[in-house]
Amino acid sequence: MRIGRKSGSLALVLMVVACERSPETITGNAPRPSMATATSTAAATNPQATIGINVLLKGSATAAQLAELNTLGTVTDEIPELNALLMATKAGNLPLIQALSYVAGANPDAERGDAPLDVLAVSDFTGGLSTWDMDAINVTVSPFTPTRNTSTFTGDGVYVGVLDTGLLDNWRSYFPAERIATQFAIAFQGGGGAMNKGAVPSQPNVWEHDQNSHGTHVTSTIIGYSLGTTPINGVAPKAKIIPVKVLKQSGFGWSSMIARGIVYITDLKMAGQLGARPAVINMSLGGPNLDVVEKAAIDLAVANGVIIVAAAGNAGTQGMGFPGAYEPVISVAAVGWTGQWVTHHFGSGALAVFCNSSRNWWLCGDVADPTNPSDFYIAPFSSRELPGQHLDVAAPGAWTVGPYQLNSGSRLTYFFLSGTSMATPHVAGIVALMAQKDPALTAPLAETILEGSALRLAPGSRMITNPNGSTSTVSWGLVGSDAGLNATGAGLVQADAALAATP
């Protein structure tokens with residue numbers, strides 16, 4: 001769709017207001033007892049507490065092994081591709097299961113979360129308007145133009161599995177139906193020792209009845225979205241999204257369901273159901289520990305050509321979350337722009353009036369070219385790399401706009417969200433562009449190219465403007481518990497440079 005500077009389109013932008021949410025609220029940085037902590041505490045204090053356990057075997061499960069395991073609990077599901085079982089058992093039985101000679105590893109099912117911080121008559125948003133975050137990673141060039149900086153690459157022919165909360169009921173009001181691979185969309189339910197649920201795929205349409213909105217916002221970064229009737233560009237606007245609902249309506253779930261989702265996408269690729277097309281997985285989620293079955297699922301996916309991108313986490317100096325911190329995964333930290341929440345004068349007439357407001361900075365702001373590291377900062381909530389963890393790159397994750405609804409219904413609403421959940425799909429989208437150029441692209445090569453082409457962000461401090469107009473200073477890698485910690489990985493991803501370096 002060709003986009004002009006018509007007053008009608010601008011009026012629609014003016015009418016649809018995005019409401020900011022603070023990083024503390026959206027990214028879940030406020031203290032809350034996690035389900036994983038509660039489970040481990042219960043196991044330590046009450047051996048009789050029933051919990052979910054994920055078990056990785058050394059080989060295929062035999063009838064005798066299953067019979068013995070069922071004396072120690074209930075086997076609720078099997079993942080034969082991984083030689084893995086899901087069980088519900090008493091917490092006190094975990095050491096007994098771990099000690100069995102045919103068990104390679106076993107651990108409590110780990111909590112995973114994301115807490116962030118009408119049909120469209122178009123096939124994609126390649127001609128959509130630029131936003132600050134697309135400009136920051138050199139996907140787009142300047143405000144109020146559809147000009148892209150990624151040559152002819154749009155993610156066409158690449159599948160991106162979004163393992164998240166699914167999509168809102170009215171997702172067709174935000175996205176072109178052609179961009180969502182509904183034939184592969186699915187939801188996995190259960191986990192955490194659910195006796196009668198296991199890890200069984202739910203009814204086929206559950207994925208498109210999300211009440212959380214997180215998966216919809218994440219998807220909008222990859223393929224773009226409709227702001228009223230005004231198209232907004234995405235990183236890879238012609239990629240095909242496979243929604244895989246692995247998180248509950250609360251936005252939280254279990255590592256066993258994440259493993260199920262990873263294996264599902266891998267199986268699609270291995271079975272040839274995606275044709276010869278590349279597959280990328282976006283996981284804007286994480287938890288404190290690496291699960292043995294989840295790890296095996298990642299290893300299987302990477303070995304079969306699936307590239308996985310995951311959030312670094314929103315725990316600041318407390319360290320990264322998993323699976324993002326696991327080395328084969330491309331992990332993403334969150335970056336903000338010093339031009340946020342200030343007025344950016346642009347254009348003339350009605351456009352000039354629209355841009356004469358600090359609230360519209362995200363559309364009116366023109367990120368400097370060439371990209372200047374001093375214009376960006378690492379968000380305080382963005383997880384730092386600790387020993388035994390691996391942080392790869394950073395991407396825009398502070399105040400990114402996208403579809404987000406607090407209530408179900410047909411009313412279209414848009415929110416500023418912050419979190420590494422928001423940063424992750426920027427990188428997954430760039431990987432989709434790279435995979436379009438090189439369909440044989442592997443996860444190790446993609447990681448190497450992204451890191452080698454990133455814009456380095458040295459430890460430093462920046463003065464930033466807050467939504468209420470006040471200013472504050474943010475620092476990373478310099479003082480207190482943050483001193484010496486890697487908050488940036490290789491730096492801010494650059495789509496044009498990554499494409500140029502892709503064979």
Side-chain angles (χ1 to χ4, degrees), residues 20-37 110-117 133 163-165 212-215 217-218 221 246-247 250-253 255 258 282-290 309-326 329-337 340 376-386 389-402 404 415-428 457 464 466-467 472 474-477 480-482 485-489 492:
E20 74 271 13
R21 297 291 298 275
S22 74
E24 290 294 321
T25 301
I26 289 296
T27 61
N29 290 321
R32 66 179 286 276
S34 76
M35 295 163 63
T37 301
E111 184 193 31
R112 292 292 180 258
D114 60 352
L117 298 214
D133 50 317
L163 274 59
D164 213 288
T165 63
N212 184 278
S213 292
H214 188 272
H217 196 286
V218 167
T221 297
V246 294
L247 301 177
S250 63
F252 291 87
S255 55
I258 309 305
N282 183 98
M283 294 195 291
S284 292
L285 47 81
N289 304 300
L290 182 61
V309 184
N314 301 326
T317 58
Q318 297 177 45
M320 298 172 65
F322 289 92
Y326 183 39
V329 174
I330 299 172
S331 55
V332 190
V335 162
W337 180 40
Q340 295 169 337
F376 299 93
Y377 64 92
I378 294 294
F381 59 76
S382 186
S383 290
R384 276 56 168 165
E385 177 187 282
L386 298 182
Q389 301 177 348
H390 187 76
L391 178 60
D392 294 305
V393 291
W399 307 118
T400 66
V401 175
Y404 194 86
F415 280 70
F416 293 97
L417 297 191
S418 294
T420 55
S421 284
M422 283 61 252
T424 304
H426 290 86
V427 178
L457 300 177
I464 66 171
N466 302 307
S472 57
V474 295
S475 302
W476 65 96
S481 60
D482 205 10
L485 295 183
N486 179 6
T488 69
L492 176 63

task = Any chance you could lay out the side chain to side chain donor-acceptor pair (under 3.5 Å) test for H214 and S284, step after step, and finish with the verdict?
result = CA-CA 9 Å; H214 188 272; S284 292; 5.4 Å; no
request  = Quick one: pull up CH2 in W399 and CZ in F416 and give me the separation to the nearest 0.5 Å.
outcome  = 8.5 Å
remark   = Value for OG (S383) from CG (N314), rounded to nearest 0.5 Å, stands at 6.0 Å
task = Of all the heavy-atom pairs spanning A311 and T420, show the shortest one and how long it is.
result = CB-OG1, 3.5 Å
inquiry  = Closer than 3.5 angstrom, by distance alone: can the side chain of H426 be matched with the main-chain N or O of M422 as a donor-acceptor pair?
reply    = yes
query = Looking at CE of M283 and CZ of F322, how far apart are the two atoms once the value is rounded to the nearest 0.5 Å?
reply = 12.5 Å
inquiry  = Before you tell me yes or no, could you show the steps for L457 and L492 under side-chain contact (heavy atoms from CB on, under 4.5 Å), namely the whole-Å CA-CA distance, both residues' side-chain angles and the distance that decides it to 0.1 Å?
reply    = CA-CA 7 Å; L457 300 177; L492 176 63; 4.2 Å; yes
inquiry  = Could you check whether any side-chain heavy atom of I258 comes within less than 4.5 Å of a side-chain heavy atom of L247, counting everything from C-beta outward?
reply    = yes
query = Do the non-hydrogen side-chain atoms of V335 and I378 ever get within less than 4.5 Å of each other?
reply = yes
message = So which atom in A395 and which in V427 form the shortest heavy-atom distance, rounded to 0.1 Å?
response = CB-CG2, 3.9 Å
Side-chain touch P323/L285, heavy atoms, less than 4.5 angstrom = yes
task = Using a 4.5 Å cut-off on heavy atoms from C-beta on, say whether the side chain of S418 contacts that of T400.
result = no
request  = Would you indicate whether the side-chain heavy atoms of D164 and V246 approach each other to under 4.5 Å?
outcome  = no
key: Step-by-step side-chain contact (heavy atoms from CB on, under 4.5 Å) determination, S331 to M320   = CA-CA 9 Å; S331 55; M320 298 172 65; 3.6 Å; yes
Interatomic distance, L290 atom CG to Q389 atom CD [nearest 0.5 angstrom] = 10.5 Å
task = Any chance you could measure D133, atom CG, to Q340, atom CD, to the nearest 0.5 Å?
result = 9.5 Å
message = With a 4.5 Å cut-off on side-chain heavy atoms, are S382 and W476 touching?
response = no
message = Give me the atom names and distance for the closest heavy-atom approach of A334 to A423.
response = CA-CB, 4.0 Å
remark   = Value for CG (L391) from OG1 (T488), rounded to nearest 0.5 Å, stands at 7.0 Å
inquiry  = Using the side-chain hydrogen bond (donor to acceptor under 3.5 Å, both in side chains) definition, which of the options N486, D482, T317 pairs with R384?
reply    = D482
request  = For side-chain contact (heavy atoms from CB on, under 4.5 Å), just list the numbers for R112 and F252, CA-CA rounded to whole Å, side-chain angles, deciding distance to a tenth of an Å, and then say yes or no.
outcome  = CA-CA 6 Å; R112 292 292 180 258; F252 291 87; over 6 Å; no
query = Do I464 and Y377 have side-chain heavy atoms sitting under 4.5 Å apart?
reply = yes
note = Heavy-atom closest pair (A310 atom, V329 atom, distance to 0.1 Å) is CB-CG1, 3.5 Å
inquiry  = Regarding T424 and N282, do their side chains bring together a donor and an acceptor under 3.5 Å, going by distance alone?
reply    = no
